[in-house]
Amino acid sequence: MDGQLGVSGENSAVVPCLLKQFIELDSPDPLTDESEIKSKVSLKVCSVKAGGMMSLAIDNLGALWMWGNCPQPSSSNEGVFSLVSISTPTPVWDFHGHTVVKVACGNEHVVALVSAGETNKGEDLLCYSWGSNNHGQLGLGDRESRLHPEIIKTFNEDSPWTVYEVACGAFHTALLTHKKSPSDTLESVCWTFGLGENGQLGHGTTQSALFPELVKELPQPVYLISVDCGLFHTSVLSSAGDVWSWGMEKGLGLCPDATFTGTDAGDAVSPLHIGRKFHDPVQVACGAAHTVIVEHDGYKLWSWGRGRSGVLGNGKTVDCYAPTMVMWPPLSEDFEQEELKTSSEEDGVGAKGSEGVTEADKRLSLAMEEMKLLQSKLSVMERYASILHGSVFGKPFEEQDIPASLQSIGTFDIAKEWENMLEAADCTKLVRLEMFYRNMLAGVKDKLMKRRIQEIVKECLPSSSIRQ
């Protein structure tokens with residue numbers, strides 16, 4: 001409807017459409033040199049981002065493309081800020097002659113990291129912003145919207161900081177930076193600006209910020225590898241596997257706390273540490289009201305937050321207050337059939353191209369299949385253990401929770417370990433255990449009573465009345 005599909009003509013499309021504008025890039029000035037014409041190459045998209053009503057793409061030449069509801073001069077209101085519907089990908093010529101490295105967009109604003117020269121030299125990136133600025137989400141010190149990119153002065157060429165990650169919420173922005181000058185320890189900090197009424201800036205207040213401000217309550221030293229923003233919350237992930245979140249409704253699990261009791265309310269105006277470490281972390285991603293973590297170099301997924309429409313991927317549609325494992329890869333029958341089909345097709349192609357598969361290759365293939373099965377079973381067991389552990393202790397299961405006797409030898413004395421756990425537990429844990437035991441016992445008694453009543457009713461009533 002507003003051009004966000006990137007194709008002209010129809011108002012909507014029910015099948016994927018080729019964006020022909022990416023086949024080759026035209027310069028705003030006609031190419032007259034024959035060598036320049038010959039040097040034109042087919043483009044490929046290297047990165048894409050999508051906001052509320054716009055889409056962005058960076059190609060392999062470092063050019064930025066935009067389509068959808070975009071900040072553009074209107075023919076009727078020249079010079080006045082407006083959002084114009086662009087139905088096909090269009091280059092952002094303001095960056096012609098420079099390399100766009102990363103980009104992010106919110107509902108109506110864009111932030112881009114662009115090389116100072118023609119190519120990216122590592123620490124020469126400048127931070128530009130443009131679009132709607134009614135909440136200060138451009139970080140330019142005012143609330144005036146911009147039709148064209150403008151450098152955020154905090155991160156210009158004279159700044160001691162290098163921006164290396166950028167993310168946009170609906171009306172706020174988050175950046176990760178490190179010092180340009182070399183140091184013994186690689187440290188980084190997070191900056192936020194824009195709308196702050198739900199605590200999404202992490203500054204300890206609900207005030208908005210017109211300039212970039214440090215999220216001071218994040219620990220130091222730390223190196224943050226990923227940042228993302230939801231509609232009204234923000235999350236960061238460190239290289240050590242720690243996650244901090246802040247913003248709207250911590251009671252809904254958007255910013256879960258290890259001490260969460262189910263009765264907490266309100267917003268988290270300062271960073272809250274998620275009560276577990278993620279091994280070999282890769283990325284954090286935020287939806288409108290949920291968060292997803294990729295760990296183990298991409299082999300594991302965790303999620304928490306609002307669970308409507310099954311967005312958490314844990315097989316449920318309820319809200320989740322703490323990270324839960326997402327079954328990955330999925331173990332559905334369709335997935336397994338598709339995997340088997342693909343494997344058989346690949347085997348067929350290989351058989352045609354060679355004399356046959358050797359005995360060693362067959363054994364290796366069987367071993368790999370067995371490894372996949374064991375990994376799937378292990379994921380199920382870890383998920384089950386995490387649910388039980390969370391129910392009893394109020395926090396997700398972690399590797400250090402495994403008893404030492406089970407880690408060192410193959411036997412496990414549950415009575416002895418239970419006694420050791422009780423001895424080591426503080427008063428808070430003992431009270432929680434007592435509450436859990438009483439609730440569980442009450443539930444069992446309630447179920448038992450209901451079944452006894454049902455049996456008595458069956459015995460007292462005639463069989464004919466039961467059938468009726």
Side-chain angles (χ1 to χ4, degrees), residues 167 190 200 202 218-219 222 224-264 267-268 270-331 375-376 378-402 432:
C190 179
Q200 60 265 51
L218 286 173
V222 66
L224 304 171
I225 61 173
S226 180
V227 61
D228 204 13
C229 304
L231 282 177
F232 304 108
H233 78 289
T234 308
S235 295
V236 293
L237 172 65
S238 78
S239 57
D242 293 295
V243 178
W244 292 268
S245 293
W246 56 91
M248 188 181 74
E249 299 179 41
K250 62 180 177 180
L252 277 178
L254 307 188
C255 303
D257 190 350
T259 61
F260 179 76
T261 63
T263 59
D264 294 351
D267 302 329
S270 296
L272 290 178
H273 181 259
I274 307 308
R276 64 162 287 124
K277 273 190 179 288
F278 297 92
H279 301 286
D280 300 322
V282 178
Q283 183 183 359
V284 60
C286 296
H290 72 287
T291 307
V292 180
I293 293 288
V294 184
E295 70 161 347
H296 275 291
D297 288 330
Y299 289 102
K300 281 189 180 180
L301 289 172
W302 296 78
S303 64
W304 64 91
R306 187 168 292 157
R308 297 174 187 176
S309 304
V311 297
L312 300 183
N314 58 9
K316 301 178 182 179
T317 57
V318 297
D319 300 337
C320 187
Y321 299 119
T324 56
M325 186 180 293
V326 179
M327 189 57 62
W328 181 261
L331 298 178
Q375 284 180 344
S376 300
L378 178 61
S379 296
V380 174
M381 292 172 67
E382 284 183 341
R383 184 177 173 186
Y384 184 61
S386 184
I387 293 172
L388 290 178
H389 198 271
S391 300
V392 177
F393 299 104
K395 69 182 187 70
F397 176 77
E398 297 183 16
E399 189 175 346
Q400 57 264 30
D401 295 321
I402 300 175
R432 185 177 180 89

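Taking both residues in full, the closest heavy atoms of Cys320 and Leu312 are given as CB-CD1, 3.6 Å, listed atom of the first, atom of the second, then distance. In plain terms, the two heavy atoms of Cys286 and Gly230 that are nearest each other are CB-N, 3.5 Å. Here the closest non-hydrogen pair linking His233 and Met248 is CB-N, 4.1 Å. Here the closest non-hydrogen pair linking Arg276 and His273 is O-CE1, 4.3 Å. For the pair Thr317 and Gly310, the tightest heavy-atom approach, listed with the atom from each and the gap, is CG2-N, 3.7 Å. When all heavy atoms are compared, the tightest approach of Ser245 to Ser235 is OG-OG, 2.6 Å.
With Ser226 contributing its side chain and Val284 its backbone, the two residues share a donor-acceptor pair below 3.5 Å. In terms of modelled atom types and a separation under 3.5 Å, the side chain of Trp246 and the main chain of Gln200 share a donor-acceptor contact. No donor-acceptor pair under 3.5 Å is formed between the side chain of Thr291 and the backbone N or O of Ser303. Of the possible polar contacts, one joining the Asp319 side chain to the Gly307 backbone as a donor-acceptor pair under 3.5 Å is found. Side-chain atoms of Ser238 come within 3.5 Å of backbone N or O of Ala240 as a donor-acceptor pair.
The shortest distance between side-chain heavy atoms of Trp302 and Ile274 does not fall below 4.5 Å. A heavy-atom distance below 4.5 Å is found between the side chains of Asp242 and Lys277.
Of the candidates Val227, Val243, Val294, Val243 is the only one forming a side-chain contact (heavy atoms from CB on, under 4.5 Å) with Leu237.
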* To do: Give the C-alpha distance, both sets of side-chain angles, the deciding distance and a yes or no for side chain to side chain contact (heavy atoms under 4.5 Å, CB included) between Cys229 and Thr234.
  => CA-CA 4 Å; Cys229 304; Thr234 308; 4.1 Å; yes
* **Residue pair Trp244, Leu224: steps toward the side chain to side chain contact (heavy atoms under 4.5 Å, CB included) verdict** => CA-CA 10 Å; Trp244 292 268; Leu224 304 171; 4.2 Å; yes
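Considering CD of Gln283 and CG of Leu301, their distance stands at 10.0 Å, rounded to 0.5 Å. Atom NE2 of His279 is separated from atom NE2 of His296 by 5.5 Å, given to the nearest 0.5 angstrom. Considering CD1 of Ile293 and NZ of Lys300, their distance stands at 14.0 Å, rounded to 0.5 Å.
Under the 30°/60° scheme for interplanar angles, the aromatic rings of Trp304 and Phe278 are found to lie parallel.
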